Engineer: 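Here it is, the structure in full.
Quick caveat, the model's predicted, so the values are computed rather than measured. As a basis for the values below, the full set of heavy atoms in this structure was taken, side chains included, without hydrogen atoms, waters or symmetry mates.
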Protein chains: 2
Amino acid sequence: MDHVTASRTLSALAHEHRLAVFRALIAAGPSGLAAGELARGVGIGATNLSFHIKELERAGLVRSWRVGRSIRSSVEVDAVRRLLEFLIADCCGGKADLCGGIFVEVSSLCCGSAQFSNPEFSS
Amino acid sequence: MDHVTASRTLSALAHEHRLAVFRALIAAGPSGLAAGELARGVGIGATNLSFHIKELERAGLVRSWRVGRSIRSSVEVDAVRRLLEFLIADCCGGKADLCGGIFVEVSSLCCGSAQFSNPEFSS
DNA sequence: TTTATATTGCAACAATTATTGAAATATCGG
DNA sequence: CCGATATTTCAATAATTGTTGCAATATAAA
């Protein structure tokens, strides 16, 4: 990932509503969520949500498809992985012994559940 | 990390110059870099860099201290770890078998080298 | 103490991004 | 086909963010 792409991807995430949408979709997994569910969950209007979903798509973070009358969206997991890799790349040239010992189990970034499992969306 | 903080942290990174600064500092490790070195490396004016460093500090991603005539800055590694954890949290409730198999060695986010090791900054 | 180097604060201006409502489009069930 | 539901497009407006030069501040070296 080049730094221009990375910057655009981060811009897409750097918005409260879009971040809420992203996390809801991460939690929802591959089957994603319908636009209406997302709008209600995040608490914004359909027009506004449509705009933000488009932004996430434009950044390659989300893909959408039609199912009946609804448009469902889900996270492009590979794009997320590439972004995280970019952020922490080139760090220290291997002097791990001097490092603060950061470790995140990014393998936990996986998908399965089809509905909101995020308390943020219980409303 | 709450979603407001996460959103602010992402906003801080979601800018080409700040992202370049961040990655240079990640590469530089705990001893950081002087503002002048960063301004030359990123290719922006001192005033502009000062503004962006302040933004990164305000987001808690960077800390700075004086060394003689220079102000040096380095990355707050814990803040980065918290951000990455927040982004991939709550994913799928453990149905890892359905997952795309994302894995990033975030343990590579460590620090040591004191100078630019990033080709982007060879100019 | 004078001079040079390094960085920040201020103020003005430029550019981008977010939100809203109303109308348009697409799908489904009857 | 017709009415209901779901989402998008458009256009107008509001709000935020980025950039620049100049002056001010702080440190260090001579």
Engineer: Which residues, if any, of residues 47-65 of chain A bring a heavy atom under 4.0 Å of DNA chain D?
Structural biologist: A/T47, A/S50, A/K54

Engineer: Tell me the interatomic distance from A/I71, atom CD1, to C/dA26, atom C1', rounded to whole angstroms.
Structural biologist: 9 Å

Engineer: Decide if atom CZ of A/R63 counts as having more than 12 heavy atoms of other residues, nucleotides or ligands within a radius under 6.0 Å.
Structural biologist: yes

Engineer: Go nucleotide by nucleotide along DNA chain D from the 5' end; which of B/V67 and B/H15 gets its closest nucleotide reached first?
Structural biologist: B/H15

Engineer: Would you grab the first and last nucleotide of DNA chain D (5' to 3') that comes under 4.0 Å of any non-hydrogen atom in chain A?
Structural biologist: D/dA4 to D/dC10

Engineer: Tell me the interatomic distance from A/R66, atom CZ, to C/dT27, atom P, rounded to whole angstroms.
Structural biologist: 5 Å

Engineer: Between the main-chain N or O of A/S7 and the side-chain N or O of A/S11, is there a donor-acceptor pair closer than 3.5 Å?
Structural biologist: yes

Engineer: Determine whether a donor-acceptor pair (N or O, by modelled atom type, separation under 3.5 Å) exists between the side chain of A/R18 and the backbone of A/A20.
Structural biologist: no

Engineer: Let me check the geometry of the helix from C/dT1-D/dA30 to C/dG30-D/dC1. What is the bend angle between the axes at its two ends, five pairs each, to 10°?
Structural biologist: 40°

Engineer: Applying the 4.5 Å side-chain criterion to the ILVMFWY set and letting contacts propagate, would A/M1 and A/L13 be lumped into a single cluster?
Structural biologist: yes

Engineer: Establish whether B/L25 and B/I71 are linked, either directly or via other cluster members, by ILVMFWY side-chain heavy-atom contacts under 4.5 Å.
Structural biologist: no

Engineer: Of all the choices, C/dA26, C/dA4, C/dT7, which nucleotide is nearest to the side chain of B/R69 once you look at every atom?
Structural biologist: C/dA4

Engineer: Check B/F86 against B/D2 and note the closest heavy-atom contact, atom names and distance.
Structural biologist: CE1-C, 4.0 Å

Engineer: Rounded to the nearest 0.5 Å, how far apart are NE2 of A/H17 and CG of A/L38?
Structural biologist: 12.5 Å

Engineer: For A/A34, answer base if it contacts any base atom (sugar-phosphate contacts may also be present), sugar-phosphate if it contacts only those atoms, and nothing otherwise; contact means non-hydrogen atoms under 4.0 Å.
Structural biologist: sugar-phosphate

Engineer: Treating B/R82 as the side-chain partner and B/A6 as the backbone partner, does any N or O pair qualify as donor plus acceptor under 3.5 Å?
Structural biologist: no

Engineer: Donor-acceptor pair, A/R8 side chain versus A/A59 backbone, under 3.5 Å?
Structural biologist: no

Engineer: With sugar-phosphate meaning primed atoms plus P, OP1 and OP2, does B/A46 contact a base, only sugar-phosphate, or nothing at under 4.0 Å between heavy atoms?
Structural biologist: base

Engineer: Under a 4.5 Å cut-off applied to non-hydrogen side-chain atoms, are A/V80 and B/L87 in contact?
Structural biologist: no

Engineer: What is the distance from atom CG of B/L61 to atom CG of B/D78, rounded to the nearest 0.5 Å?
Structural biologist: 11.5 Å

